[in-house]
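Structure first, commentary second.
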There are 2 protein chains.
Amino acid sequence: MQDLLFDFISKYVSLTEDEKNAIVSVDIFRSFKKGATLLREGQKSNDGYFVLKGCIRTYYILDGEEKTTAFYTEMEGLTPHCVINKTPSEYYISCLEDSILLVSNPEIEAESFEKFPKFESLCRVLSEELLAKEQINFDKFKTSSPEQRYLNLLQSRPDLLQRVPQHQLASYLGIKPQSLSRLRARIMEKNKS
Amino acid sequence: MQDLLFDFISKYVSLTEDEKNAIVSVDIFRSFKKGATLLREGQKSNDGYFVLKGCIRTYYILDGEEKTTAFYTEMEGLTPHCVINKTPSEYYISCLEDSILLVSNPEIEAESFEKFPKFESLCRVLSEELLAKEQINFDKFKTSSPEQRYLNLLQSRPDLLQRVPQHQLASYLGIKPQSLSRLRARIMEKNKS
DNA sequence: ATCGTTTCTTAACTTAAGTGAACGTTGTAA
DNA sequence: TTACAACGTTCACTTAAGTTAAGAAACGAT
């Protein structure tokens, strides 16, 4: 399991045995059951998550409706807004599947950055990369219709369509579950003829 | 003009005179005329931008149509996706107004990070913060109707509605210019009664 | 000052998403 | 096993956005 992490990190920087041991020794690998809630609206937390195995999602409850806005799967990570801003969370985080997560917080990070400046470089590069990717995703969302967004997801993250319930996918696509149903039927119809 | 920058930075870290001089001495402040193009589709570039004064925008040309997806105003910065990924750019960047920008690139940054590790910390914190903010914005976009998005923009960035042409605002809101016109008329109508 | 372009608005029509309700299926818990 | 809740689909209806076209206003360049 740790090897997955080190393989991932090795794309960015090369770690010495010392540095690898340092990561392992802080012992921040945690298992969660499907459905477990990691963060609730209104709650303050310092925990960031990196998915080694499984899938987690962020969602809001607006007018009593659940709105899922993001999914994180293997080798994807999330530092909640409330951690960055020291404010109560606006959204929930929960596990869609049994998951193994790396759980960190600013204190752990500060310590390790002090001992291993290389870790801070890594985090800078990672978050710059994530930011650029998030901006491209946002751009694509803005410039696409719901149908295009669905087809695009089918291309770029086909696994999600299998792992995730339709009504969560719908809000992820910015539409209602009924519209997603209809849209899928429409596409089927087109492909038939 | 530099004071604006140092005021901004001082919210995150405190700089010594030495460090301030280092920033000034690299001389990366640049002036641009309204309409100037900073980056074109297909082009490779290493330049990132930080707006000291003025306004820049990113836009795509899709099916011959200009789609504006982001605006950056005073004390906001952008490292284009193509810089992070070393790929040709998918979008254009141009100046909406006469602007004064801080222009940087990975080489300058690497040098300064070496001399002043504090700068790398600053950049890590800034990009983590920007990422969290971008995610919240994206979430809000997904969970809102075009009309809500317009009203929200009216609240959160009223200056943009003054500075920016309607048709650019429209694509920023994910709709057509005609729809924005109609939507505004609809809101006016509501407020009258 | 004029010409031409760009920008914004309006309108009529088309298309698709939102809404509310019904129904069958699946999954869960007593 | 039954009962209930959650999920996905379908339908009829409403509302709003996309499309195409036209015209008025603002802006720039000559």
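What's counted below: heavy atoms across the whole structure, side chains too, no hydrogens, waters or symmetry copies. In this text, all values refer to a predicted model and were calculated from it rather than measured experimentally. By convention in this document, chain letters (A, B, ...) are assigned in the order of the sequence lines, proteins followed by strands, and residues within each chain are numbered from 1.
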Please check if the distance between the ring centroids of B:Y59 and B:F71 is under 6.0 Å.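 So the answer is no for these two rings.
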Using a heavy-atom cut-off of under 4.0 Å over every strand shown, decide if A:R182 touches base, sugar-phosphate, or nothing.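 Counting heavy atoms under 4.0 Å across all strands, the contact made by A:R182 includes a base.
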By the 4.0 Å heavy-atom rule, please label B:P146 as base, sugar-phosphate, or nothing.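 Counting heavy atoms under 4.0 Å across all strands, the contact made by B:P146 is with sugar-phosphate only.
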For A:F141, does the six-membered ring have the charged nitrogen or CZ of A:R149 within the cation-pi criterion, i.e. under 6.0 angstrom from the centroid and within 45° of the normal?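 So A:R149 does make the cation-pi contact.
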Roughly how bent is the helix from C:dA1-D:dT30 to C:dA30-D:dT1 end to end, in steps of 10 degrees, with each end axis from five pairs? 50°
Considering the options A:R157, A:R57, A:K133, which one meets the salt bridge (Lys or Arg N to Asp or Glu O under 4.0 Å) requirement together with A:E76? A:R157
State which residue, out of B:K190, B:R184, B:R182, fulfils the salt bridge (Lys or Arg N to Asp or Glu O under 4.0 Å) condition with B:E147. B:K190
Take atom [atom1] of [X] and atom [atom2] of [N], then tell me their distance rounded to the nearest Å.
X      : N      : atom1 : atom2 : answer
B:M188 : C:dC8  : CE    : C1'   : 13 Å
A:L183 : D:dA17 : CG    : P     : 18 Å
B:L169 : C:dT9  : CG    : P     : 11 Å
A:E66  : D:dA5  : CD    : P     : 17 Å
A:E147 : D:dG18 : CD    : P     : 14 Å
A:L173 : C:dA16 : CG    : P     : 17 Å
A:E189 : C:dT15 : CD    : P     : 16 Å
B:L180 : D:dG18 : CG    : C1'   : 14 Å

[X] has a side chain; which of [options] sits nearest to it?
X      : options                : result
B:K176 : C:dA16, D:dT9, D:dT19  : D:dT19
B:A185 : D:dA17, C:dA17, C:dT10 : C:dT10
A:Q178 : D:dT10, C:dG18, D:dG18 : D:dT10

Considering just the side-chain nitrogens and oxygens of [X], establish if one lies under 4.0 Å of OP1 or OP2 belonging to [N].
X      : N      : result
A:H167 : D:dG8  : yes
A:R186 : C:dA17 : yes
B:S181 : C:dC8  : no

Pick the nucleotide of DNA chain C nearest each of B:S179 and A:S145; which residue has the one closer to the 5' end? B:S179
Shared hydrophobic cluster, A:L131 / B:F113 (ILVMFWY, side-chain heavy atoms < 4.5 Å): no
Counting N and O atoms only, with roles assigned by atom type, does the side chain of B:N21 sit under 3.5 Å from a partner on the main chain of B:E17, one being a donor and the other an acceptor?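 Between the backbone of B:E17 and the side chain of B:N21 there is a qualifying donor-acceptor contact (under 3.5 Å).
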Take B:K34 and B:G174, find for each the nucleotide of DNA chain D with the closest heavy atom, and name the residue whose nucleotide sits nearer the 5' end.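 So the residue in question is B:G174.
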Would you check, one step at a time, whether the test side chain to side chain contact (heavy atoms under 4.5 Å, CB included) holds for B:L96 with B:R163? CA-CA 8 Å; B:L96 259 159; B:R163 301 168 89 162; over 6 Å; no
Minimum side-chain heavy-atom gap B:P158-B:L153 below 4.5 Å: no
Kindly compute the distance separating CD (A:E134) from OG (A:S127), expressed to the nearest 0.5 Å. 12.5 Å
In terms of ring plane angle, is the pair A:F138 and B:F138 parallel, tilted or perpendicular, where the classes change at 30° and 60°? parallel
Among residues 154-166 of chain A, which contact DNA chain D at a heavy-atom distance under 4.0 Å?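 Those residues are A:P165, A:Q166.
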